[in-house]
There are 2 protein chains.
Amino acid sequence: MAEPSTRTVERALQLLGSVCDAGSLTLADAARGTELSASTALRLLRTLESSGFVRKDQDGAYRPGLRIVQLGAQALRHESIISLAEPALERIVDATGESAYLNVQAHHGPGGGHGLYIAMREGTHSVRHSSWVGRTVPLEGSASGAVLTGKTPAAGYVVVDRGVESDVTAIAAPIAVATHAPDGRITGTRVIAALSVVAPSYRIDAEKIKAIGELVAAEAHNVLTADQQENQP
Amino acid sequence: MAEPSTRTVERALQLLGSVCDAGSLTLADAARGTELSASTALRLLRTLESSGFVRKDQDGAYRPGLRIVQLGAQALRHESIISLAEPALERIVDATGESAYLNVQAHHGPGGGHGLYIAMREGTHSVRHSSWVGRTVPLEGSASGAVLTGKTPAAGYVVVDRGVESDVTAIAAPIAVATHAPDGRITGTRVIAALSVVAPSYRIDAEKIKAIGELVAAEAHNVLTADQQENQP
DNA sequence: GACTGCGTTTCACTTATTGAAACGCGAATT
DNA sequence: AATTCGCGTTTCAATAAGTGAAACGCAGTC
């Protein structure tokens, strides 16, 4: 059973994704973007609309609907990893003044893996890196991406200077859980999230990088050690 | 054309909603909750899963997926009304110390209308009302609900003491846009959102209510007056 | 006035969805 | 141990449901 999924639903979800990615999309554009016939796209968008997942603005263009906002916010609240990591984010910002983030590996869409920001805390410097929850970054070439794909070196943290974004240096460390065999033996660890700091490159030197790296690694390690509850990536 | 929507997609979205509402749902429960046969629910959930909208945790239960988080966060960012209203929320909190919210009317689901929190700012008092973005409240019996359904009295704000929530008093005022006829004449106003303050009832008296009400009404009125751009409910 | 592109509706084709039934499994019950 | 129960899963024939080409009206544009 390779693909026992329902084509109609897949198409509708694809359409929904397109609308949310674009922010605002006309029917013809949506149809082109998903390679659907106009009539099919119209029918599916109408269904999405009647459920509140998209809406039409006064120009007739489709936009993300409030249902998406609601479900997304609900889903975020249920992510236990976020509440566990928030104190760490706060401590990191307090100690460094730089913006701190929590990333997980996003669903494997086409075009390679991506990381997803699911929590953040802005730095206190007036010049600071600023991203947002819901943003995705390629795993390839980013510090958090390296960490999420298990490429953390022995030092315990990854540094990427001017990787996917220019002028900034990212420092990331893994939050990992132990994996168990059916009989209970520990078989290894699996990275479920990355804690990272992103700072303007001009502001930090090798010494600062080392200090931040060790801090982030220590905080990342402590996120799950104190209170080991149910948590999934 | 009463309902030219696709049943399959409707069912899938319903399933998605169930999973997000419950936070965690077993296949059998999801099937029961949506009155679908187990095989159909399984097929649809698999499709949702392969698109990242839901995921299975290690117990085999379905949970909201990261795609939902991502799209929801994206959608929130595109809500221009939020960025326009945020300064107002901040000023209200600074002036009153109480939590301030921005609500819109959620998609009309079954069971009457609901309001949806799309932005908030927590108060500064140690005892304060605290809700969250994504939460819904019934329009019936709430201050913001009255405002959103156009029932704002001449005073410009609505006060509800111990309405849907006990021990708190809610004060809400409408953010409205002018509606135009095709020829450009103004035909009336339409409420697109509500600005509200929710405070513990014991802390505020008639005098304070009046002060807050006038402040909220003034701020709500100013949200769209200074900078009139594209904005839809 | 001809043309282009959009949103929309219609309709015959047939594909893709459907749900009952059956299966294996583990847990709770006898 | 044997039994029952409910869950997740697979299979499969019936047909309900989704599909897309075509045609339409409409607004701009050339």
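Chain naming here is simple, since letters A, B, ... match the order of the sequence lines and numbering starts at 1 in each. Just so it is clear, the values below take in all heavy atoms, side chains as well, and ignore hydrogens, waters and symmetry mates.
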Euclidean distance, atom [atom1] of residue [X] to atom [atom2] of [N] [Å, nearest integer]:
{"X": "B:Glu35", "N": "C:dA20", "atom1": "CD", "atom2": "P", "result": "13 Å"}
{"X": "A:Leu48", "N": "D:dG18", "atom1": "CG", "atom2": "C1'", "result": "15 Å"}
{"X": "B:Leu44", "N": "D:dA17", "atom1": "CG", "atom2": "P", "result": "14 Å"}
{"X": "A:Leu36", "N": "C:dT8", "atom1": "CG", "atom2": "C1'", "result": "16 Å"}
{"X": "B:Arg7", "N": "C:dG19", "atom1": "CZ", "atom2": "C1'", "result": "10 Å"}

Proximity to DNA chain D (any heavy atom under 4.0 Å), residues of residues 11-21 of chain B only: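 Heavy-atom contacts with DNA chain D come from no residue of residues 11-21 of chain B; none.
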
Under 4.0 Å: is that the gap between some side-chain N or O of [X] and OP1 or OP2 of [N]?
{"X": "A:Thr40", "N": "D:dG20", "result": "yes"}
{"X": "B:Ser39", "N": "D:dT10", "result": "no"}
{"X": "A:Arg43", "N": "D:dT19", "result": "yes"}

Lys/Arg N to Asp/Glu carboxylate O, [X] vs [Y], below 4.0 Å:
{"X": "A:Glu219", "Y": "A:Arg91", "result": "yes"}
{"X": "A:Arg135", "Y": "A:Glu165", "result": "yes"}
{"X": "A:Glu79", "Y": "B:Arg55", "result": "yes"}

Nucleotide N/O of nucleotides 3-7 of chain C paired with protein N/O under 3.5 Å:
{"unit_1": "C:dC6", "atom_1": "OP1", "unit_2": "A:Arg32", "atom_2": "NH2", "d": "3.2"}
{"unit_1": "C:dG7", "atom_1": "OP1", "unit_2": "A:Thr26", "atom_2": "OG1", "d": "2.3"}
{"unit_1": "C:dG7", "atom_1": "OP1", "unit_2": "A:Leu27", "atom_2": "N", "d": "3.3"}
{"unit_1": "C:dG7", "atom_1": "OP2", "unit_2": "A:Ala28", "atom_2": "N", "d": "2.7"}

Would you indicate whether the side-chain heavy atoms of [Y] and [X] approach each other to under 4.5 Å?
{"X": "A:Arg121", "Y": "A:Tyr101", "answer": "no"}
{"X": "B:Val177", "Y": "B:Val191", "answer": "no"}
{"X": "A:Leu45", "Y": "A:Val19", "answer": "yes"}
{"X": "A:Lys151", "Y": "A:Val158", "answer": "no"}

Donor-acceptor pair, B:Thr26 side chain versus B:Asp29 backbone, under 3.5 Å?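 Side chain of B:Thr26 to backbone of B:Asp29: no pair is present.
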
